[in-house]
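Here the structure is a predicted model, which is why all the values come from computation and not from measurement. We're numbering straight along the sequence, starting at 1. For the numbers below, each heavy atom of this structure counts, side chains included, while hydrogens, waters and symmetry mates do not.
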Amino acid sequence: MPVELIDQKPEAALPVYLVGKDGLDGTGLSPSVIAWARANGFSGEAGRTLVLPAEGGGLAGALFGTGDGESQLAVGALARALPEGEWHFAQDLPAPDLAALAVVLGGYAFTRYGKKPGRALRFALPSGADGAHVRRTAEAIFLTRDLVNTPTSDMGPDEFEEAVRALAAGHGADVSVVKGDDLLARNFPMIHAVGRASAGAPRLIDMTWGPSDAPKVTLVGKGVCFDTGGLDIKPSSGMLLMKKDMGGAANVLGLASMIMAAKRNVRLRVLIPAVENSIAGNAFRPGDVLRSRKGITVEIGNTDAEGRLVLADALALADEERPALLFDMATLTGAARVALGPDLPPFYTGDEALASDLAAASLAVEDPLWRMPLWRPYDAKLSSKIADVNNVTTDGFAGSITAALFLKRFVEKTPGWAHFDIFAWNPNDRPHGLTGGEAQGIRALERVISKRFGRV
């Protein structure tokens with residue numbers, strides 16, 4: 001990690017003073033330092049860093065403006081603003097874990113293809129922070145970001161399977177894979193149909209970990225490693241970010257990493273249908289009718305609504321076990337971005353207690369989520385004249401809701417199910433993350449799981 005967390009504050013570590021808007025007088029700093037800060041136009045405005053010179057040369061520390069103090073993650077900007085060296089927060093913090101995590105995340109850089117790493121900072125853990133929790137969370141988020149940022153030339157279905165196997169090997173998890181035409185023999189026809197036109201064979205990756213008698217927690221992630229749109233082809237502008245269409249799978253893998261590293265008392269299962277939605281003579285077509293694992297027949301109204309098809313087969317398998325919790329994550333609809341933007345993923349569930357827990361966890365760890373309704377009257381929009389259901393609506397309304405309603409048909413036995421329609425991307429630089437792949441919702445989900453099931 002470009003930002004290294006250290007458990008004990010080194011004697012030479014320089015202090016960072018957090019200053020609220022117009023809050024210089026309450027910092028306890030000397031009048032000369034306050035006067036110098038004001039002379040340099042610093043008043044605690046959000047996101048601004050001012051390095052303090054020491055008498056006789058060198059540095060005496062730094063000021064960081066927190067503005068109105070709404071976000072503990074804002075201090076992530078320090079990773080890119082402070083000079084290299086050793087630093088510590090001068091004050092006790094209300095959320096020390098979040099502040100430490102933000103600084104580490106702010107130092108992330110995707111360097112696989114030659115980009116230079118960020119500044120090499122050593123930052124002392126704030127008083128009261130859980131260093132092990134911060135580190136495993138950062139590692140999980142970095143894994144997610146790296147997977148999403150890697151282009152499909154190096155992150156197709158084969159490579160994604162390798163990534164799952166590498167994570168599993170590090171935690172003693174088991175992995176099995178159903179691949180190619182074996183998907184038909186094992187009754188995963190929609191995963192096969194979506195991925196069969198690609199040079200990289202479609203597959204269902206199945207990872208399990210934890211005691212067999214522990215409560216079952218199953219994670220399903222959309223692993224569309226690239227999406228051309230299929231025969232309903234996307235315009236070139238619509239394909240530019242389609243390397244991130246496996247962002248749901250990347251996020252559930254990051255969540256799995258946190259769960260296993262923390263040794264949660266669960267029987268974890270991760271299901272990832274890994275495919276490319278490509279174009280060839282054997283591609284599935286608009287108007288085709290596919291039979292799903294569950295037996296539901298699906299008329300294809302649009303081949304660019306492929307994510308819900310591969311998720312449906314995986315969710316049907318997951319539901320057969322009746323897990324205590326079943327979460328699926330997917331970069332599923334543009335409608336979710338139109339409704340809530342890129343930073344606020346919607347989630348859907350019929351479990352009121354779970355919805356309450358997710359909302360509380362989201363606020364507690366500053367991992368935004370927003371509940372949207374499984375509005376049953378819209379189910380009729382997915383009707384088909386020749387099959388049980390269509391994979392799209394004809395009017396274009398409520399696209400994220402109808403996608404969730406489509407998936408709900410494949411989860412009948414598991415009340416503790418929630419669907420997350422994520423973006424998995426920062427379109428702009430943020431204090432704790434540069435433009436690029438992003439983990440969304442998994443810190444909140446890990447908190448819910450930890451509170452419900454604890455550790456082994």
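Results of the side chain to side chain donor-acceptor pair (under 3.5 Å) test with Asp227 over Thr152, Thr303, Asn277 single out Asn277 as the only residue that passes.
The two residues Ser383 and Asn390 make their nearest non-hydrogen contact at O-CB, 3.8 Å.
Under 4.0 Å is where a charged nitrogen must lie from a carboxylate oxygen, and between Glu321 and Arg267 no such pair does. Comment: Lys244 does not engage Glu438 in a salt bridge, judged by the lack of any side-chain N to carboxylate O separation of less than 4.0 angstrom. Taking 4.0 Å as the cut-off between side-chain N and carboxylate O, Lys451 and Glu446 do not count as a salt-bridged pair. Between Asp319 and Arg293 there is no salt bridge, since no side-chain nitrogen of the basic residue lies less than 4.0 Å from a carboxylate oxygen of the acidic one. Here Glu4 pairs with Arg122 in a salt bridge; the nearest charged N to carboxylate O distance falls below 4.0 Å. The residues Asp379 and Lys408 are annotated as not salt-bridged, no charged nitrogen and carboxylate oxygen being separated by less than 4.0 angstrom.
Between the side chains of Arg430 and Asn426, at least one donor N or O sits under 3.5 Å from an acceptor N or O. Between the side chains of Asp146 and Tyr108, a donor-acceptor pair is found at a separation under 3.5 Å. Counting only N and O atoms by type, the side chains of Thr144 and Asn251 include no donor and acceptor under 3.5 Å apart. No hydrogens or angles considered: a donor-acceptor pair under 3.5 Å links the side chains of Asp328 and Trp417. With 3.5 Å as the limit, one finds a donor-acceptor pair spanning the side chains of Ser71 and Glu366.
Under the rule for a ring-ring contact (aromatic ring centres under 6.0 Å, His included), Phe64 has no partner lying at least two apart in sequence or in another chain. With sequence neighbours excluded, the residues forming a salt bridge (charged side-chain N to carboxylate O under 4.0 Å, His left out) with Glu161 are Arg165, Arg203, listed by chain and number. Tyr348 pairs by the ring-ring contact (aromatic ring centres under 6.0 Å, His included) definition with His419, not counting sequence neighbours.
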Using ring-ring contact (aromatic ring centres under 6.0 Å, His included), reason through Phe89 and Phe123 one step at a time and then give a plain yes or no. CA-CA 8 Å; Phe89 288 110; Phe123 220 99; 4.9 Å; yes
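Separating the CG atom in Asp367 from the CG atom in Leu98 is a distance of 9.5 Å, to the nearest 0.5 Å.
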